[in-house]
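This report refers to the structure that appears directly beneath it.
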Amino acid sequence: MYITITSIFVCVLSVVAIVTNSIVLLVVWTHQRMRTYTNGYVASLATSDVMMAMALILQYVHILNSPPVINVIYSVVFLSSLTNLCAITLDRYFALTSPLHYRHSISQSFPLSLLSIWVIPVFFATLPFCWDANIKLTIHKVYLGIVESCIIVIFVIIFAAYIRVTISVRKTRINKTSNSKKRKCDLRRASTIEKLARLFVFHASVFLFSWGPIIFTTGAGMVGRLDLIPNALYHASPLSITLGLIANPVVYGLMKPDFQEVLQRLRKKKGSTSGKRLHLLTSSIGTRGTTNGQTFV
């Protein structure tokens with residue numbers, strides 16, 4: 001009965017994740033000013049979240065019952081989310097530390113980096129098929145050890161980059177230049193990048209929390225200590241993943257400045273349209289409702 005309730009919750013949360021991440025993709029696609037290189041990585045991350053939510057629905061409604069296929073999908077989505085986070089962090093890091101070089105090189109490096117974000121996870125996810133994904137083999141344990149080590153390295157890079165960005169921003173604020181206009185421009189740019197850095201570090205923390213149970217169970221299985229895994233963790237892991245999938249677009253909408261601007265504009269436009277419709281409706285009713293000097297409004 002508990003599994004059934006868990007399945008319902010997972011499916012409902014997955015549908016919410018698909019809708020919210022699709023909104024992120026729609027905003028980036030339909031607004032020209034949102035098609036930046038950073039948002040390209042954000043859209044790539046939203047795509048992996050949609051794929052993950054769809055896989056969860058297929059698994060928990062028992063349409064997809066093949067463990068090897070499920071493992072490959074989960075591995076691809078997990079690793080692509082990780083590589084996306086790393087790409088976003090490095091993108092913001094180089095934008096602050098080497099702005100001139102960044103503007104010149106990003107247009108050339110973006111297509112290759114975006115391709116790598118997906119090719120590398122697919123390669124690593126399908127690699128276990130070379131030894132039939134036999135978890136008892138030493139090579140499989142070595143493989144899991146490499147993956148777990150890569151996760152640690154990527155998160156060290158993300159948090160180290162954030163610390164470096166924070167230090168650079170503080171230096172920019174302390175540094176005094178004779179050109180006050182240039183200083184204001186530098187401060188504005190540094191402040192924006194610092195906000196984005198905080199946003200993506202927060203996002204990385206959410207990712208680590210949501211995938212934490214899977215990382216822990218994989219590590220315990222790798223060292224042969226499945227007895228360390230509590231039963232509740234198996235039920236908590238899909239729920240934590242789906243909550244993480246929902247958190248991503250919510251964070252963008254609430255914290256990323258360009259997404260905030262677009263959403264505010266859309267709200268104002270909707271409010272303006274509703275106001276015009278109401279005005280036309282009341283005018284129409286007032287005209288039709290006037291009889292012998294009396295109105296119904």
Side-chain angles (χ1 to χ4, degrees), residues 1-26 42-85 117-118 121-129 132-135 140 143-144 147-148 151 203-222 225-253:
M1 182 65 181
Y2 182 77
I3 295 175
T4 305
I5 294 172
T6 303
S7 300
I8 292 170
F9 272 109
V10 169
C11 290
V12 170
L13 291 174
S14 296
V15 170
V16 174
I18 290 171
V19 172
T20 50
N21 280 284
S22 296
I23 291 171
V24 170
L25 292 170
L26 192 64
V42 169
S44 177
L45 186 59
T47 302
S48 68
D49 287 348
V50 170
M51 288 173 59
M52 185 67 214
M54 290 174 70
L56 284 167
I57 291 172
L58 291 175
Q59 181 186 358
Y60 280 87
V61 297
H62 304 293
I63 293 174
L64 188 62
N65 293 317
S66 172
V69 174
I70 291 171
N71 288 337
V72 167
I73 293 173
Y74 284 0
S75 297
V76 168
V77 172
F78 171 76
L79 294 172
S80 64
S81 297
L82 207 55
T83 49
N84 269 303
L85 281 173
I117 282 169
W118 289 95
V122 170
F123 171 75
F124 272 98
T126 55
L127 198 58
F129 284 114
D132 296 326
N134 189 338
I135 60 174
H140 191 76
Y143 162 79
L144 291 177
V147 172
E148 295 268 335
I151 294 169
H203 179 80
S205 303
V206 169
F207 176 86
L208 191 59
F209 166 77
S210 60
W211 284 91
I214 297 291
I215 296 170
F216 177 76
T217 52
T218 303
M222 182 181 65
R225 293 300 307 272
L226 294 175
D227 56 299
L228 295 174
I229 307 171
N231 231 8
L233 200 61
Y234 289 108
H235 300 296
S237 57
L239 291 173
S240 66
I241 290 171
T242 48
L243 287 172
L245 299 178
I246 294 170
N248 297 344
V250 171
V251 167
Y252 300 143

**Prompt:** Does D49 reach the main-chain N or O of A17 with its side chain, forming a donor-acceptor pair under 3.5 Å?
**Reply:** no
**Item:** Non-hydrogen atoms of I215 and E148 that approach each other most closely
**Value:** O-OE2, 3.2 Å
**Message:** When you compare the side chain of L245 with that of L13, does any pair of heavy atoms fall below 4.5 Å?
**Reply:** no
**Prompt:** Are the side chain of Y143 and the backbone of F124 linked by a donor-acceptor contact shorter than 3.5 Å?
**Reply:** yes
**Fill in**
Here the pair of heavy atoms bringing G244 nearest to V206 is CA-CG1, 4.1 Å
**Item:** Any side-chain heavy-atom pair of L45 and S81 under 4.5 Å
**Value:** yes
**Item:** P121 vs T83 side-chain heavy atoms within contact, under 4.5 Å
**Value:** yes
**Request:** Taking all non-hydrogen atoms of both residues into account, name the closest pair between P249 and T20 and its distance.
**Result:** CG-OG1, 3.3 Å
**Residue pair F216 / S237, side-chain heavy-atom distance below 4.5 Å** = no
**Message:** Set out, in order, the CA-CA distance, both residues' side-chain angles and the distance that settles side-chain contact (heavy atoms from CB on, under 4.5 Å) for H140 and N134, then state yes or no.
**Reply:** CA-CA 7 Å; H140 191 76; N134 189 338; 6.0 Å; no
**Prompt:** Taking all atoms of both residues into account, what is the closest heavy-atom pair of L239 and T242, and its distance?
**Reply:** O-OG1, 2.8 Å
**Message:** Strictly distance-based, threshold 3.5 Å: is any side-chain N or O of S210 a donor or acceptor partner for the main-chain N or O of I241?
**Reply:** no
**Close side-chain approach of I214 and F78, heavy atoms under 4.5 Å** = no
**Prompt:** How many angstroms lie between atom SG of C11 and atom CD1 of I57, to the nearest 0.5 angstrom?
**Reply:** 6.0 Å
**Complete:** CG (L233) and CG (L228) are apart, to the nearest 0.5 Å, by 11.0 Å
**Request:** Evaluate the criterion side-chain contact (heavy atoms from CB on, under 4.5 Å) for residue pair V72 and F129; output intermediate values, then yes/no.
**Result:** CA-CA 10 Å; V72 167; F129 284 114; 3.1 Å; yes
**Asked** What heavy-atom pair brings L144 and T218 nearest, and what distance separates the two atoms?
**Response** CD2-CG2, 3.8 Å
**Request:** Can you measure from CD1 (I151) to CZ (F207) and round to the nearest 0.5 angstrom?
**Result:** 7.0 Å
**Asked** Would you call P238 and F9 a side-chain contact if the rule is heavy atoms closer than 4.5 Å?
**Response** no
**Item:** Student check: side-chain heavy atoms of M51 and I73 closer than 4.5 Å
**Value:** no
**Shortest non-hydrogen separation from S44 to N84 and the atoms involved** = OG-OD1, 3.0 Å
